[in-house]
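Take a look at the structure below.
Just so it is clear, the structure is predicted and the values come from calculations on it, not from any experiment.
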Amino acid sequence: ELETKATLKNYTTVSIRTNINPYEQYDFYEARTNDLLHPLKRSKSINGGGWISTDYRKKLAIDIGGGVNIKPLYEGYGYRWRISPRYRINDKISLRYVLSIRNEFNDIGFVTNDTSGILIEPPQVNYIFAKRNTNMITNVLTTNYILNNKIDLSVKLRYHIDQVRNIEFNTLGNDGYIYENKYIGEHNINYTTWTSDIAFNWWFAPGSQMSLVWKNGIDNESSILINHWTENLKESFNLSQENSISLKVIYYLDYLYFRK
C-alpha cells in the first residue's frame, strides 16, 4: 500500500493512495456454512483513489474524493466518488451535505443454499453465488445551530439506496472457484433507508451534559428494482415509520469534592 499526502500554501490538502493485492485469498465466511470448510477464492486486486479537502477556516469548503478498483478473476471492477460541501452561515449556523456513490460490476456474493439435492445419494448441497452489479447512493444533510456556549441543536437527514442486480448464478466448487449453475431464483435487492435525527444538547455543568434526541426511521427492502431515486423516496414514505425519543443525562462528580 502506498499513500502520499500534502497540504498546499492555501491550506488545501491532497491525498493519493494505491493498494495492490497480488495474490488470490480465501474467504472462509462468505459461504455461511459455519464450518470453514467451503472457502471462496477472492480475486487479486488493484485499488487506487484520492481526495482533496479545502480550507475549513473559510465559509465555504469542499471535500472531493474518488477511486477505482479492478478484480481480474471474474472481470470485476468498480468506482466510487464522494463530494461534501460545507457552508458556515455565521458563527452559530453551519450546513454540510454529503453525496456518496459506489458502483461495483461483476461482484461475487453469496445468494442461498440449494438443498434440492439433499434427498439423493450421496446428499448434496450447492452453495449458490451470484455474479452481480451493485449500486449504492447515500445522501446526508446536517445542520448545526449553536445557541450559546452551553446549548446547541443539530439536525441530520440521511437517505440511502442499496441495489443488487444479479447477472448469473453459480455454484461454489471445492477448489474455491465458482462454476456455471442452472439455478433460477429471484434474489435482486432494492433496499432503501431514511433516518432523521434531531438532537438538543445542554452542558449544564463542567463535564455534565443532557441530550434529548428524536429519531425517525424508515426501512424498505424488496426484490423489485426501482431505478429512479425519486420513486424510491416516494415508495419509502408510503411505509410505516418508526419514531423514538431518548433522554441521556451525564453528571460529573469530583471525588475530591467529597473528601473536603
Could you measure the distance from the CD atom of Gln25 to the OG atom of Ser43? Nearest 0.5 Å is fine.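 Result: 10.0 Å between the selected atoms.
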So how far is it from Glu1 CD to Asn21 CG, rounded to the nearest 0.5 Å?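 Rounded to the nearest 0.5 Å, the CD-CG separation comes out at 11.5 Å.
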Do [X] and [Y] pair up side chain to side chain, a donor and an acceptor below 3.5 Å, judged on atom types alone?
{"X": "Tyr56", "Y": "Asp63", "result": "yes"}
{"X": "Tyr177", "Y": "Glu24", "result": "yes"}
{"X": "Trp194", "Y": "Asn220", "result": "no"}
{"X": "Thr54", "Y": "Thr12", "result": "no"}
{"X": "Glu75", "Y": "Asn106", "result": "no"}
{"X": "Glu242", "Y": "Ser244", "result": "no"}

Derivation and outcome, side-chain hydrogen bond (donor to acceptor under 3.5 Å, both in side chains), residues Tyr191 and Asp219: CA-CA 8 Å; Tyr191 175 74; Asp219 289 320; 3.2 Å; yes
Can you name the one residue among Asn166, Asn188, Asp107 that meets side-chain hydrogen bond (donor to acceptor under 3.5 Å, both in side chains) with Arg132? Asp107
For residues 92-102, dump all side-chain donor-acceptor pairs below 3.5 Å to protein atoms at least two apart in sequence or in another chain.
| from | atom 1 | to | atom 2 | distance (Å) |
| --- | --- | --- | --- | --- |
| Lys92 | NZ | Leu147 | O | 3.0 |
| Arg96 | NE | Ser84 | OG | 3.2 |
| Tyr97 | OH | Asn139 | OD1 | 2.5 |

Among Thr143, Leu141, Thr142, which one satisfies side-chain contact (heavy atoms from CB on, under 4.5 Å) with Lys156?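 Testing each of Thr143, Leu141, Thr142 against Lys156, the sole residue satisfying side-chain contact (heavy atoms from CB on, under 4.5 Å) is Thr142.
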Short question: side chain of Arg17, backbone of Trp51 - any donor-acceptor pair under 3.5 Å? no
Cation-pi check for Tyr77 against Lys71: NZ or CZ below 6.0 Å from the six-membered ring centre and within 45 degrees of the axis, yes or no? no
Would you check, one step at a time, whether the test side chain to side chain contact (heavy atoms under 4.5 Å, CB included) holds for Lys150 with Phe204? CA-CA 7 Å; Lys150 294 183 178 180; Phe204 56 89; over 6 Å; no
Is Val249 reachable from Leu253 through a run of hydrophobic residues whose side-chain heavy atoms are each under 4.5 Å from the next?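 Hydrophobic grouping puts Leu253 with Val249.
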List the steps and the verdict of side chain to side chain contact (heavy atoms under 4.5 Å, CB included) for Leu40 and Phe110. CA-CA 10 Å; Leu40 170 71; Phe110 176 80; over 6 Å; no
If you apply the rule side chain to side chain contact (heavy atoms under 4.5 Å, CB included), what do you find for Asn181 with Ile128, and how did you get there? CA-CA 8 Å; Asn181 185 281; Ile128 305 300; 4.0 Å; yes
How close do Tyr127 and Asn113 get, counting heavy atoms only, and between which atoms? CD2-OD1, 3.1 Å
